[in-house]
K.L.:
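Pasting in a structure now, in structure tokens, and then I'll have a few things to ask.
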Amino acid sequence: MGRAKLQMKKIESTIKRQVTFSKRRNGLIKKAYEISVLCDVDVLLIMFSPSDKISWFSGNKKRVEDILVRFVSLPEHGRGR
């Protein structure tokens with residue numbers, strides 16, 4: 001017996017939405033850190049909360065600006081979707 005599949009839809013309550021965002025943000029940052037360490041890759045994660053506060057993570061002790069410059073300097077077809 002596993003967990004029940006939850007339907008993906010916007011959480012209407014602003015308080016519940018903020019709490020869910022905070023919990024999921026921490027989990028996402030943990031995963032980004034793990035992949036940056038295990039695979040030795042540059043990771044940049046930028047998130048805006050429902051209240052428009054910014055959170056970011058950059059792995060491997062790289063500066064956010066350095067990773068952004070590297071991304072912007074790629075040709076458009078090299079950036080993915």
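FYI, side chains are in, hydrogens and waters are out, and symmetry mates aren't considered; it's all heavy atoms of this structure. Residues: numbered from 1 along the sequence shown.
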K.L.:
Pairs under 3.5 angstrom only: tabulate donor-acceptor contacts from the side chains of residues 7-17 to other protein residues two or more places apart or in another chain.
P.N.:
unit_1	atom_1	unit_2	atom_2	d
S13	OG	K16	N	3.4
R17	NE	I11	O	2.8
R17	NH2	I11	O	3.0
R17	NH2	E12	O	3.1

K.L.:
Any chance you could measure R24, atom CZ, to I29, atom CD1, to the nearest 0.5 Å?
P.N.:
14.0 Å
K.L.:
Between L44 and I54, is there shared hydrophobic-cluster membership here, with clusters defined by ILVMFWY side-chain heavy atoms closer than 4.5 Å?
P.N.:
yes
K.L.:
Would you say M47 and L28 make side-chain contact, with heavy atoms under 4.5 Å?
P.N.:
yes
K.L.:
Mind checking what makes side chain to side chain contact (heavy atoms under 4.5 Å, CB included) contact with S36, not counting sequence neighbours?
P.N.:
Y33, V43, F57, N60
K.L.:
Hey, could you give me the CZ/CD distance between R25 and Q18, rounded to the nearest 0.5 Å?
P.N.:
7.5 Å
K.L.:
If you measure from CG on D40 to CD1 on I35, what distance do you get to the nearest 0.5 Å?
P.N.:
11.5 Å
K.L.:
Is there a chain of hydrophobic side chains (I, L, V, M, F, W, Y, each step under 4.5 Å between heavy atoms) that links L68 to F48?
P.N.:
yes
K.L.:
Side chain to side chain contact (heavy atoms under 4.5 Å, CB included), that's the test. Do N26 and K30 meet it? Break it down for me.
P.N.:
CA-CA 6 Å; N26 293 337; K30 180 180 176 185; over 6 Å; no
K.L.:
Under 4.5 Å between side-chain heavy atoms, chaining through other members, with only Ile, Leu, Val, Met, Phe, Trp and Tyr counted: pull out the rest of the cluster around V69, sorted by chain and number.
P.N.:
none
K.L.:
Applying side chain to side chain donor-acceptor pair (under 3.5 Å), which residue pairs with at least one partner in residues 42-59 are found, sequence neighbours left out?
P.N.:
D42-R70, S49-S51
K.L.:
Applying the 4.5 Å side-chain criterion to the ILVMFWY set and letting contacts propagate, would V41 and F71 be lumped into a single cluster?
P.N.:
no
